[in-house]
Amino acid sequence: MTTPRDVVVWIGRSGKRIAVTVIGFALVTAGMVMLVIPGPGLLVIFAGLAVLASEYAWARRTLEIAKRRAGDVGRRLRRRR
């Protein structure tokens with residue numbers, strides 16, 4: 001049997017997950033648009049992935065891959081100088 005407290009916790013948890021999902025995907029979408037129009041597209045995409053990573057393992061893995069690749073590109077650019 002579920003208690004009223006369990007119901008409140010479930011609603012709170014679901015509400016947080018919905019908010020994280022909406023905000024995260026909004027940031028990723030805005031970042032993709034900014035890749036075409038002027039703006040910091042990659043930074044906004046990374047921010048969206050960071051928000052999504054707080055709730056989703058797939059986003060956490062994707063963010064780690066993106067960080068690793070960005071680091072590789074940065075090191076490659078520094079070696080060119």
Hey, mind stepping through Asp72 and Arg75 against salt bridge (Lys or Arg N to Asp or Glu O under 4.0 Å) and telling me if it holds? CA-CA 5 Å; Asp72 292 345; Arg75 280 188 288 283; 2.6 Å; yes

Heavy-atom donor-acceptor pair, Ser14 side chain to Ile11 backbone, under 3.5 Å: no

Going hydrophobic residue to hydrophobic residue with side-chain gaps under 4.5 angstrom, can you get from Leu27 over to Leu52? no

Show your working on salt bridge (Lys or Arg N to Asp or Glu O under 4.0 Å) between Glu64 and Arg61 and close with a plain yes or no. CA-CA 5 Å; Glu64 289 302 318; Arg61 287 189 304 269; over 6 Å; no

Please answer: with hydrophobic residues joined when any side-chain heavy atoms are less than 4.5 Å apart, are Val28 and Leu42 in the same cluster? yes

Could you report the tightest heavy-atom contact between Met34 and Pro40, atom names first, then the distance? SD-CD, 3.7 Å

Linking I/L/V/M/F/W/Y whenever any side-chain heavy atoms sit under 4.5 Å apart, do Met32 and Leu63 land together? yes

What distance separates Leu49 CG from Ile65 CD1, expressed to the nearest 0.5 Å? 10.5 Å

Going from CZ on Arg60 to OG1 on Thr62, what distance comes out if it is rounded to the nearest 0.5 angstrom? 10.5 Å

Closest non-hydrogen atom pair between Gly31 and Val44, with its separation: N-CG1, 3.7 Å

In sequence, state the C-alpha distance, the side-chain angles, and the governing distance for Val8 and Arg5, and then conclude on side chain to side chain contact (heavy atoms under 4.5 Å, CB included). CA-CA 5 Å; Val8 169; Arg5 184 182 189 293; 5.7 Å; no

Write down the atom of Ala53, the atom of Ala59, and the distance for their closest heavy-atom approach. N-CB, 3.6 Å

With a 4.5 Å cut-off on side-chain heavy-atom distances among I, L, V, M, F, W and Y, is there a chain of contacts connecting Phe46 to Val51? no

Same cluster or not: Ile23 versus Val20, using hydrophobic residues (I, L, V, M, F, W, Y) connected whenever any side-chain heavy atoms lie under 4.5 Å apart? yes

